[in-house]
Q: 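Following this message is one structure expressed as structure tokens.
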Amino acid sequence: MKITVQSSKSIKPSYYSSGGSALSAAAAIPLTVFDKVNYDLYISGINFFRPPSPPNAVLAAGLARALAEYREWAGRLGFDAAGRRAILLNDTGARFVEATADAVSLDAVMPIKPSPAILKLHPSGGDGADNELPRPAAAGDLVSKPLAFAAELVSRAVARVDEGYFRSFVDFASSGAVEEEGLVPAADAAETVYSPDVEVDSLLHAPFCDMDFGGGPPFFFMPSYLPVEGSVFIVRSFAGDRSVDAYVPLFGRDMETFNRCCYSLEMVDARL
């Protein structure tokens, strides 16, 4: 598929159309402790809108109004007056690129609907006869036991990451121990391969289906390409059936192994 860029420009906040007024250019939002333990990375997504698509001028005007409400998206990373890393609310703007693609069917480049093979997967993962509550499990248990076993493991792990967990993290990061002990973030921007591990990012609560720049909400959203092997993104399905979609970037050589351990369409107790 050939992509041709027609124009590229910076869109600045439109305070007049939003009913607001520009704030001081010196305003800044300090990075949180969660920001500081990670590295800087651009994350993009792709939204698909139903025809007739609104004119690009309408999208640009809608973006300008949105930037007036969410100024951080039009700002830049820098340092505030106290020397802390922060998002500078300087209204520099967001990049707006107009591009065209050669004639190609959307169905030919991405799966809008799940294939019949995927729909054959049984959500129960088993008959419910095995109700043993899991302890830390071996790989063999995950493969041999019903899906409910793995689901319980995940549910218990998520439950442990509660408000107390995050408060403890914030308290430690704000105690001065990081500076005193010379601690540095463990996240490494050069680490682009997680195998044999995976990193799962849940976007289930992000309201992508409600985003509207003036021509109506999108009918489909998907993460864009991220060159990090094993970085999994889970998003709400636009099918409207309360299902989820998982995007799993892997090396081509690992796809067959992933298919075997992720699910089995031939078995009644298809497992994730």
Side-chain angles (χ1 to χ4, degrees), residues 1 3 31-32 34-49 66 70 72-73 77 94-95 97 101 106-115 117-119 121 123 125 142 147 150-151 153-161 165-166 169 185-213 217-263 270-272:
M1 180 170 56
I3 304 294
L31 298 186
T32 69
F34 301 102
D35 297 321
K36 294 176 181 178
V37 298
N38 215 326
Y39 50 83
D40 299 338
L41 178 68
Y42 284 103
I43 299 293
S44 59
I46 306 175
N47 295 281
F48 298 84
F49 298 89
Y70 304 98
E72 56 270 32
W73 294 102
L77 284 173
R95 181 61 50 185
V97 179
L106 194 59
D107 290 332
V109 297
M110 59 171 297
I112 299 298
K113 297 180 179 179
S115 67
I118 295 298
L119 291 177
L121 289 172
L142 294 175
L147 177 62
L153 279 179
V154 174
S155 178
R156 288 188 172 188
V158 171
R160 288 196 297 267
V161 186
Y165 175 92
F166 286 106
F169 181 89
D188 185 0
E191 184 180 11
T192 59
V193 178
Y194 290 141
S195 180
D197 301 320
V198 295
E199 177 183 284
V200 180
D201 296 285
S202 175
L203 303 178
L204 294 177
H205 297 291
F208 297 114
C209 58
D210 298 329
M211 185 177 65
D212 188 347
F213 287 120
F219 71 90
F220 193 82
F221 167 85
M222 65 180 294
S224 184
Y225 171 70
L226 181 66
V228 179
E229 184 273 346
S231 182
V232 181
F233 290 93
I234 300 178
V235 301
R236 284 188 292 174
S237 173
F238 275 61
D241 57 0
R242 299 176 62 85
S243 60
V244 300
D245 296 326
Y247 296 87
V248 188
L250 296 173
F251 291 125
R253 64 176 182 267
D254 296 327
M255 290 303 297
E256 182 58 34
T257 301
F258 176 76
N259 287 336
R260 290 198 304 268
C261 70
C262 180
Y263 59 78
R271 55 186 180 269
L272 294 178

Q: Show the nearest heavy-atom pair for residues R236 and A206, with the distance to one decimal.
A: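 Residues R236 and A206, closest heavy atoms: NH2-O, 3.4 Å.
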Q: Search all heavy atoms of P218 against all heavy atoms of C209 and return the closest pair with its distance.
A: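 Nearest pair, atom of P218 first, then C209: CD-O, 4.3 Å.
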Q: When you look at OH of Y70, are more than 12 heavy atoms from neighbouring residues, nucleotides or ligands closer to it than 6.0 Å?
A: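 Not buried by this count: 12 neighbours or fewer within 6.0 Å.
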Q: Which of these, P249, S44, S231, sits in a side-chain contact (heavy atoms from CB on, under 4.5 Å) with L226?
A: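 For L226, the side-chain contact (heavy atoms from CB on, under 4.5 Å) check succeeds only for S231.
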Q: Picking from F48, F208, Y247, what satisfies ring-ring contact (aromatic ring centres under 6.0 Å, His included) with F221?
A: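 That would be F208; it is the only one of F48, F208, Y247 passing the ring-ring contact (aromatic ring centres under 6.0 Å, His included) with F221.
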Q: Evaluate side chain to side chain contact (heavy atoms under 4.5 Å, CB included) for V232 paired with E199, printing each intermediate quantity in order.
A: CA-CA 6 Å; V232 181; E199 177 183 284; over 6 Å; no
Q: Taking all heavy atoms of R160 and all of Y165, pick out the closest pair and write down the distance.
A: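 Looking at all heavy atoms of both residues, the shortest contact is O-CB, 3.9 Å.
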Q: When rounded to the nearest 0.5 angstrom, what distance separates CG in N38 from CG in L31?
A: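 Reported value, rounded in 0.5 Å steps: 11.0 Å.
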Q: Would you please test F233 and D245 for side chain to side chain contact (heavy atoms under 4.5 Å, CB included) and show each step?
A: CA-CA 8 Å; F233 290 93; D245 296 326; over 6 Å; no
Q: Calculate, to the nearest 0.5 Å, the distance between atoms OG and CG belonging to S237 and L204 respectively.
A: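 So the OG of S237 and the CG of L204 are separated by 11.0 Å.
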